[in-house]
Amino acid sequence: MASLAARPAPAPDGTAAVTTGLLTARTADAYQELLGQVTRDVAERLRTVRAPSVGPDRRRLEQLVTDVDLDGPGVGDAAALTEADALYAGNAVWFHHPSYLAHLNCPVVLPAVAAEAMLAAINTSVDTYDQSLVATLMEQRLVRWTAGRIGFEAGDGVFTSGGTQSNLQALYLARARAERETGEARALLVPCLRVLTTQAAHFSVSRSATLLGLRGDAVLTVPADDEGRMDVAALHEALDALGAAGERAMAIVATAGTTDRGTIDPLPAIADAARAHGTWLHVDAAYGGGLLLSRTRRHLLDGIERADSVTVDYHKTCFQPVSSSALVVRESADLAATTHHADYLNPAAEAASEDAEPNQVDKSLQTTRRFDALKLWTTLRSLGPDAIGDMVDAVCDLAVEVRDLLEDDPDLHVLGSTDLSTVIFRFCPAHLDEARADELQPLIRRILFHSGRAMVARTTIDGTPWLKLTLLNPETTLLDVAAVLDLVRATGRGLLAGTRLAATEATR
Ligand SMILES: *Cc1c(COP(=O)(O)O)cnc(C)c1O
C-alpha cells in the first residue's frame, strides 16, 4: 500500500501522471508525426544520395559519436531523430546505390520496409502463441511455404536472426540425431563427431562446431574443383575413411551459393552420399535461397529437397531488411531437440494436450523473437513470388554480362564462373609482376572505400588476393558496373604511376 500511495495521482483529465516517451493511445498523433518526419528525412536522403557513402574519415566519425551527450537532458523526439538523421543516415553506407557492389547486402523492397515499421510499433514477440496470436500462424505459414518451395512435403522450421544462427541450429539438430541414433552419452560421442564441408563453406560452420563442443579439428575440408564445388568422389572417400577410423560423420554441409564465388555444390550427388552413409545433410542456401523463386534457375537447387535441413537468408536474395532468415527441416520431429519447457512460458503439461497452442519457442534457439516474417509476408502479397524470382535472375544475368565484359579486358582478369551473382577479378595489366599485383588489390579496395564513390569487396583465394563484386541490385546496369570497373582501373593505374615499375612500363 505504501508504494501505491507514494505514486503521483493521475491528472484530472485522465492523462498519465508520469511523462514517458511510450507509444500509447496518448501519443498516437505524435507517433504519426514522428514517423512522418523520419520518412521525409530518409526520402530526402534517397533523392539526394550521390554515392554509396560520403566517405567519412573514421577519426571524425569517432569524434561525432563521442561528442553526443548520452547522460544529458533529453532533447525531445524530433530533435533526437533529426540528430540521428545527420549522424547515422548522413554517414551511412547505401546498399541501393548502383556503385555499391561489395558485400551480400541487398537493397530492400518497399512493402518490407513498411512492414518493419508496423512490427516495430506493435512489438510482437513470436515466442509463444499467447504473445503473438495470428503472427505465429503467419510465420508458420511462411515456413511451410518455404518448405514447399524446397520440396519438403511435411517440412517445418523457424525464422532466425540470420544464416549464422540457422547454421548453428542445423548442426545442433544434427548432433542431437547422432546422440539419438547411437544412444551414446554426449561426452563419449562428441569427440568422435566430424562435419564434412569444403574450404568455401561459411565460417559459421566451423564456429558452430566449436560452440557445440566438437573437437578443434572436427570440421574436415573436402577437396573441391577449380571453382570451389565439392568433389563428391573425395567426399565418399572421406566418409569411408571416417568409418574405418571409428569416427562418425555428424553432418555434411553443402553450400548452395558460396559467399565468395556464388558456386553451388553438386547437391544430388552429395545427397546420394549422405543417404549411403546415413549422414545428416545440411544445405546452406543463405545466399542461393533466392533461387527458390527463380523461374529460370530453380533447377540449380535440384537435390535440395533431399537435405535434412536448409538455411535460407531472405535478407540476402529476397530483398528483405535485416534480419530475415529461416532454418527449415524436412522432418518436423527433428526440431524436438530444440524444445525446452519452461513453466512460465510453455509448460510441458499444456504441450501434451491435444489442442496445444502452437509455440514457436519450442523450435527456436531464441526466446523473445521479432516478427520478421511479416516483412516477407507483405513482400509476397505485394509483388508476388515471381517478381522476386525475376529480381534474382536479373542480378545473376548481370553477373554473366560483367564476366563477359571482363573476358576481353586487358587490365582486369576475371576468375572462373558463378552460379549466382558474384564476380571475382583483379587489376593485373600485362607485364605487371604478380607479387606487385597481389599488393595492389587490397589497396585499390581501400582507396575506393575511403572515397565513398564506389564499394567493392576483396578476398583471398588459394593465397591470391582478388577483388570481388557482389551484385544484388536488380536495377544496377552493366554501364553502372563498367563505371566502377573504370574507377578500379584508374585507381590501379594511379598506384602504379607512383612506382618505378610504372616508369618501366611507360617506356616500353
Ligand atoms: C551470409 C552467409 C551466411 C551467414 O549469414 P548471416 O545472415 O550473415 O548470419 C552463412 N552462409 C553463407 C553461405 C552466407 O553467404
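Owing to the predicted nature of the structure, the values given are computational and were not obtained by experimental measurement. Position 1 is the first residue of the sequence, and the numbers go up from there. Just follow the structure's listing: the first ligand is 1, and inside any ligand the first atom is 1.
- With hydrogens left out, the protein atom closest to atom 8 (O) of ligand 1 is K316 NZ, 4.0 Å, a heavy atom.
- Residues R446 and F449 are not in side-chain contact: their nearest non-hydrogen atoms beyond the backbone lie 4.5 Å or more apart.
- Within a 6.0 Å sphere centred on CZ of R207, other residues, nucleotides and ligands contribute 12 heavy atoms or fewer.
- At a 4.0 Å heavy-atom cut-off, ligand 1 touches N167 through the side chain alone.
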task = Determine, stepwise, if the pair D372 / K375 fulfils salt bridge (Lys or Arg N to Asp or Glu O under 4.0 Å).
result = CA-CA 6 Å; D372 285 314; K375 298 177 286 189; 2.9 Å; yes
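- For the pair M250/L171, a side-chain contact is recorded, criterion being any heavy-atom separation below 4.5 Å from C-beta on.
- Summarising the local packing, CZ of R458 is surrounded by 12 or fewer heavy atoms from other residues, nucleotides or ligands at distances under 6.0 Å.
- The side-chain tip of R369 does not point at the ring of F371 from less than 6.0 angstrom away and within 45° of straight on.
- Residue-ligand proximity, A286 to ligand 1, at heavy-atom distances under 4.0 Å covers atoms 2 (C), 3 (C), 10 (C), 11 (N), 12 (C), 14 (C).
- Using a 30° and 60° split on the angle between ring planes, Y314 and F159 fall in the parallel class, below 30°.
- Heavy atoms from both the backbone and the side chain of T164 come within less than 4.0 Å of ligand 1.
- In terms of polar-atom proximity, defined here as any N/O pair under 3.5 Å, D313 does make such a contact with ligand 1.
- When the heavy atoms of H202, H315, Q165 are ranked by distance to atom 4 (C) of ligand 1, first place goes to H202.
- For ligand 1, the polar-atom distance check finds an N/O of T259 within less than 3.5 Å of one of the ligand's N/O atoms.
- Each of the following atoms of ligand 1 lies closer than 4.0 Å to a heavy atom of G257: 13 (C).
- Protein heavy atom at the shortest distance from atom 11 (N) of ligand 1 is D284 OD2, 2.6 Å.
- S323 does not count as a contact of ligand 1, since none of its heavy atoms falls under 4.0 Å from the ligand.
- In this structure, the protein non-hydrogen atom closest to atom 6 (P) of ligand 1 is G163 N, 3.3 Å.
- Heavy atoms of L104 found under 4.0 angstrom from ligand 1 belong exclusively to the side chain.
- Between D57 and R60 there is no salt bridge, since no side-chain nitrogen of the basic residue lies less than 4.0 Å from a carboxylate oxygen of the acidic one.
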